[in-house]
Each structure stands twice: as structure tokens, then as C-alpha cells.
**Student:** 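Input: one structure, supplied below.
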Amino acid sequence: MGERRVLLGNEVIALGLAEAGCEMATSYPGTPASEILGALLRFRKENGLGIHLEWSINEKVAYEVALANSFTGRRSAVIMKQVGLNVAADPLMSSAYTGVKGGFIVISADDPGPHSSQTEQDSRFFAMLAKIPVLDPTSPADAGRIVHLAYTLSERYEIPVMLRPTTRVCHARQDIELSRIMRQERSPIFQKNPQRWAATPKFRLTLHRELNEKIKRISDDGAFQPTLLNPSSAGTSAKMCIVGSGVVLAYLEEVMSDLGIYDSIPAYRVLMPYPLSAAFSRELLASYERVLVLEESGPVIEMQLCDRAKVFGRQSGNIPSAGELLPEAVEQAVRSFLELPPASVVDAPSFPGRRPSLCAGCPHRAVFFAIKKIFPKGIYPSDIGCYTLGLNLGAVDTVLCMGASISQAAGFYHAFRSAGEDHPIICATIGDSTFFHAGIPALINAVVQGARFVLVVLDNGTTAMTGHQPTPALGFNLNGEAVPRLSIANIVKACGVKFIEESDPYELKKFTGILRSAAKHAFGDNGGIAVVISKRPCLMDRTQQHEKHGKVSVTEKCKGCDFCCKEFECPAILPGGEKEPVRIDEAICTGCGVCVSVCPHQALEM
């Protein structure tokens, strides 16, 4: 036996990619998929592999880079979370028509719940829309095994294949046996074929017909047919069965064993939810009077079974229409379906919680405090990142999707201007990585359309929310190699912005002054968009240099007004009680000293 390790689900997926001979993997970080590329980098180093790895600027670019590698006959993977698939939708749809040469896996990690996403959308619907097969893993080990199947399927039919793990697969851990990973490299060969790779609409119709034929053949492929989860139930005379896919099946096995029905009620595992085997669907509906479908998050299998009288699931109301199917929900659904007594409900103990907050010393906190202070009646569009927690400070009004803060700031301006009404100050915030991802086109559009607002770019030198992946402004890539270092200020200038200032938010007085100047420019007679770049490294990023700061102390001037706790919300400042001085938690205080400037009574000092 080889070495065994307890690996995260995302690490097992990375291991599967390395073992299967993946020669290029591209990604944009997003939970729950972020750890896959980093783990693949580690396996590459450990085994001397020649895999090209990159954090791409966004998911669309990542998809297109990896797809071109596949066009040369080499195995590729593109990795993202479910909302990232929205960004990559354009190449996804088109590549289903053109097909691929080398195996091409689209890893889209879904987030039922959702735990860290704007939506709990089901990527399998995108697979149906694009007409590409999708495979659902039930566990970390299963996900690693499916990577190999996905490459086989992709190359057999020359089609992109989606691998769709969910949060509970990505972030579970399992004991995995490691084997020696052999270096496998195919020579790239690109065979020109304009009617396929550069097809005009006339040829796209032909490609669409070919795609439909592929999907039909794939649905009939014996290697990907549904199988019995509990073979011991074969031959029973049961008139009802259960069908499911993904991590829900891990819960189902335990529930069925606990209820004593594991050997009497057939349960089918659907490895490939789309395209669902037509033969399986016919046999299932002919053999059983009632079918319960368990799947997250949408009714993908349920829809394809096409019999509302026999099939029960989300569409019928037997399964909740939103949220994860946790073990308790699975048990309740199975009991109800089989007309068993409901399970006794055990109320979880109630403990006072604390809402998520920016870290102690986070430079973003100073920015949001300054924005709220200088523009108290403003409109504050913001974006996707840890800085969304500016909500707590009352300085975030909208959060839609990557890059939308800039577009929405422009939309708010035009709404008031076109109505002929006085508009409030509009101050948008966006992170550095998000700016590179989707903010640049939005900024160009806003400038060209004559919008006026203040934009604060929160430059903490990293992609902080997803694990400190490098941004194009750092000057090095995933491999630690030196690359051109891009300047946010220069890019903003190239977009046509006239007012650009860079400042350290720890210098609160200076920063607030710059915000005032930015607003004066933005809404002056000959003004326009004003951009302020807040530049201070993320304290959680250990790869960056951090200055040593002093120690904050509370003086006798503090009367317990709690302004610093309520309006600044630094977790290192603790209320002492009614009219009692606040306390400093020295274990987490970074000594940044911003709170000294925040206190209206000068009761804090360094």
C-alpha cells in the first residue's frame, strides 16, 4: 500500500487531476473551489510535473485559456465556483458546439445554503443549457475517482464535461491513498479546421446537430448509467424507490440504515444527472408507482423524469425549495415519502452569536468609517469581497456581483440626473482583485457615459477573502515567478479618470481630506469620476511587510459612550458596560491606532 493522507475534498480533486495527466489548470479563486489550484501546485512540486497553472484575471479568461490547450489535444481543467460559471457562460456555451480534442473538465463548485455566495444556483442547469454532461460526486474520494471518468468521457465524445462538487464535498476530509504520480505530457498539435474552431452561423447549425447526437449517445453510454446504491434491495417487490445524486446520497445511506429500510427500498445513485439515461427513466417509471428524488439544489433529475404523478421532489413540494439537504432534511423527506412517523425534533441549544466583522486592524474599517463620516447621507454601492462587511458600518447599500459597484454607482447617478433632481453623494467601493476581475470595463463605461461619483479602490495587495491569491499588482504569479507589475492608478488613468489619489487609510485625517477633495471634483462644474486608492496590506497576509505599531490604551476620559464600539466596530475594542470605560483586547489588537482618531473624546491614545 502507498502513503495515506487525510485530504480536503478540493485536495483530492487536485490529486485526481494530477494522476489523470492534466497538463493545464486555470482558475479564479472563489469559495468553495479556491483550494484546488493551490493543492495542484503542491502536487506538481512534489512529483516534478509539467502542468501549467495560473490564477487568471477572471473565470471567462480562465475558461478560454484552458480550452485552447484542449484544442491542441492536451488535457485541461478550468476551476471556479458556481457564480463564476456565470462569468464564463459565453465560452461555455460556444465550446459545447465546437467540442474539444484533449480532455476538458469544467469544475464548478456549488454552494447550497449558500454559505459564501450571492446565490445557491445549481450548475447542472448550465450543463443542461449548454448541452454538456455533468457528473456529481458524493464524497472527496468519489470526486477524485470521477476526475478520471470525466477525462475518459470528454475524450470519447470530444466534449467539455462538468464536474460539480458542492461545499460539503469540497470541504470534507477523507483518508486517501496516494500513488506515485507519473509525468505525462502530450505534444501539442493544433489541426486547423475553420468550419469547427471558427465556425460561422451556417456551420454552427451543423455543430448543434452533432452536439445533439453526442448527448444522445452519452445518455446511452453504459459506463455512466445509474446504479443501485444498495444492491441488497435488488429483487424486492417494493412499489417505491429513491433516486439521488451528490453528497445527499451519503446522508441517505445512513438514514436508510437507521430506519431499517436499507435492504427493502431500492435507492439509485445517478452519477450523471445530465443527460439522464432515457432507458433508465423508462424502466424506473414502469417499475415503481412512486419515486422520491433527492438532489441539490434544483430539480435537474426530477425534471427529466417527466412524470408529475409518480415523481416526488422539489417540484412537488416534498423537498424544500431552497437550502441544503442536510441529514435531518433527508430523514424527514424519506419518512414522509414512506409514510413513517416523523422524527422527534431536538432543538439545538441557543447561544448568543456575533455577526461577522472585519478583522481587528483591517484597513477597510478605516475607509468605511471615513466614507460614512464625510458622506453621511450618501449612497454606497459596494462589491464582492471581505469588504462587503462594510455593511456593519453602514457604508454599504448594494452588493450584486463582481464589478457591479461601479456600474451601479453610474446607474444611481444617471437616475437622479435624468429625473432632474439633486442627487446625494455617491461613493462606491471595490476591492483590488475585483477591480481587475470586472471593474475595468465598468469604469470605462462610466467615464464615457459621463457619470459622476467617488470610487474607492480598496487595495490590500491580495485576494484576501479566498486565501490570499496574488493580484496583477503584486508582480509575481502563482508559481512565485516575477511578472509585470500592473499599477491600479495607471489603469484608472488610462480609463479616462482625471482625479486619482492614493492614500493610507490608517492616516485617517489625511484620508478624509482626500475624500472631500474627491467629492468636490466629482460634483464640481467640470468634474467627473474621482478615484481614491486606499493602499494598505491585508494584515492576514503573511507574505507582505507589516509595520510595527504601538499599543492602544484607554484613558480616564472614557465615559463608556461606546461610540468606538458601535460606529467603528473593531473587535479589539470591548464595551465595559453602561457608562464604564471600554477595554482593549490586547490579544487581537494590532496597534494600528486608527481608533485614537475615531474617539470623539480623545479617550484613546497610543
Side-chain angles (χ1 to χ4, degrees), residues 363-364 366-383 387 390 393-400 402-432 434-459 472-473 486-536:
H364 300 340
V367 172
F368 287 121
F369 180 83
I371 288 172
K372 191 69 184 294
K373 180 179 179 180
I374 304 303
F375 311 131
K377 297 182 179 180
I379 297 176
Y380 315 121
S382 195
D383 230 295
Y387 52 90
L393 298 166
V396 169
D397 289 327
T398 67
V399 177
L400 184 65
M402 299 283 278
S405 61
I406 299 175
S407 304
Q408 290 200 305
F412 281 124
Y413 170 78
H414 292 305
F416 283 94
R417 184 195 59 80
S418 61
E421 298 183 10
D422 290 338
H423 52 77
I425 294 289
I426 301 164
C427 183
T429 48
I430 188 170
D432 47 350
T434 308
F435 176 76
F436 285 115
H437 177 284
I440 298 170
L443 182 58
I444 293 171
N445 184 74
V447 170
V448 170
Q449 298 302 325
R452 293 186 178 209
F453 54 87
V454 176
L455 171 65
V456 180
V457 180
L458 302 160
D459 182 6
L486 303 188
S487 163
I488 293 177
N490 288 346
I491 293 172
V492 169
K493 183 178 179 180
C495 291
V497 175
K498 304 301 182 186
F499 183 101
I500 307 165
E501 289 284 350
E502 188 174 277
S503 182
D504 183 347
Y506 277 10
E507 300 175 10
L508 193 59
K509 185 176 180 179
K510 178 182 177 182
F511 193 82
T512 54
I514 290 174
L515 285 179
R516 286 193 182 94
S517 299
K520 185 177 180 180
H521 170 83
F523 301 105
D525 292 339
N526 298 308
I529 295 170
V531 175
V532 178
I533 302 171
S534 164
K535 197 166 184 64
R536 164 68 65 166

**Student:** Using atom types as modelled, flag every donor-acceptor pair under 3.5 Å from a side chain in residues 403-410 to any protein atom, sequence neighbours excluded.
**Tutor:**
from	atom 1	to	atom 2	distance (Å)
Ser405	OG	Asp383	OD2	2.7
Ser405	OG	Thr429	O	3.3
Gln408	OE1	Thr398	OG1	3.0

**Student:** How far does CG of Leu455 sit from CG of Leu443, to the nearest 0.5 angstrom?
**Tutor:**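 Reported value, rounded in 0.5 Å steps: 6.5 Å.
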
**Student:** Could you tell me which non-hydrogen atom of Gly378 sits nearest to which non-hydrogen atom of Asp397, and how far apart they are?
**Tutor:**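 Nearest pair, atom of Gly378 first, then Asp397: O-OD2, 3.9 Å.
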
**Student:** Give the minimum heavy-atom separation between Ser503 and Ile514, together with the two atoms involved.
**Tutor:**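 In terms of heavy atoms, the two residues are closest at CB-CD1, 3.4 Å.
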
**Student:** Counting C-beta onward and ignoring hydrogens, is there a side-chain heavy-atom pair between Ser517 and Phe499 closer than 4.5 Å?
**Tutor:**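 The answer is yes; the side chains approach within 4.5 Å.
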
**Student:** Identify which one of Val367, Val396, Thr434 satisfies the side chain to side chain contact (heavy atoms under 4.5 Å, CB included) criterion when paired with Tyr387.
**Tutor:**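 Per the side chain to side chain contact (heavy atoms under 4.5 Å, CB included) rule, the option paired with Tyr387 is Thr434, out of Val367, Val396, Thr434.
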
**Student:** Where do Val456 and Leu515 land on the side chain to side chain contact (heavy atoms under 4.5 Å, CB included) test, with the steps shown first?
**Tutor:** CA-CA 9 Å; Val456 180; Leu515 285 179; 4.0 Å; yes

**Student:** Measure the spacing between NZ of Lys372 and CG of Leu393 and express it to the nearest 0.5 Å.
**Tutor:**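 Result: 8.5 Å between the selected atoms.
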
**Student:** Could you report the tightest heavy-atom contact between Ala489 and Ile500, atom names first, then the distance?
**Tutor:**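 Smallest heavy-atom distance, with atoms named: O-CD1, 3.8 Å.
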
**Student:** What's the separation between atom CD in Gln449 and atom CD1 in Ile529, rounded to the nearest 0.5 Å?
**Tutor:**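 Between Gln449 CD and Ile529 CD1, I get 10.0 Å after rounding to 0.5 Å.
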
**Student:** Do Ile374 and Phe511 have side chains that approach each other closer than 4.5 Å (heavy atoms only, starting at C-beta)?
**Tutor:**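 Side-chain contact under 4.5 Å: no.
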
**Student:** Judged by atom type as modelled, is there a donor-acceptor pair below 3.5 Å linking the side chain of Tyr380 to the main-chain atoms of Phe375?
**Tutor:**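 Such a contact is found between Tyr380 side chain and Phe375 backbone.
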
**Student:** In a check of salt bridge (Lys or Arg N to Asp or Glu O under 4.0 Å) between Lys535 and each of Asp432, Asp459, Asp504, which one passes?
**Tutor:**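 Of all the options given, the one that passes is Asp459.
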
**Student:** Testing Val399, Ile426, Ile430, Leu400 for side chain to side chain contact (heavy atoms under 4.5 Å, CB included) with Pro381, which one passes?
**Tutor:**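 It is Ile426; the other options fail the test.
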
**Student:** For Ala518 and Val532, which heavy atoms make the closest approach, and how far apart are they?
**Tutor:**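 It is CB-CG2, 3.8 Å.
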
**Student:** Just so I know, are the side chains of Ile533 and Phe435 near enough to count as touching, which here means a heavy-atom distance under 4.5 Å?
**Tutor:**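 Heavy-atom side-chain distance check fails, nothing below 4.5 Å.
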
**Student:** Rounded to the nearest 0.5 Å, how far does CG of Asn526 lie from NE2 of His521?
**Tutor:**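 Rounded to the nearest 0.5 Å, the NE2-CG separation comes out at 9.5 Å.
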
**Student:** Phe412 versus Pro424: any side-chain heavy-atom pair under 4.5 Å?
**Tutor:**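 No, too far: nothing below the 4.5 Å cut-off.
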
**Student:** At their closest point, which heavy atom of His414 faces which heavy atom of Gly450, and how far apart are they?
**Tutor:**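 It is CE1-C, 4.2 Å.
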
**Student:** Considering all heavy atoms of both residues, which atom of Ile444 and which atom of Cys495 are nearest to each other, and what is their separation?
**Tutor:**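 The pair with the smallest heavy-atom distance is CG1-SG, 3.6 Å.
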
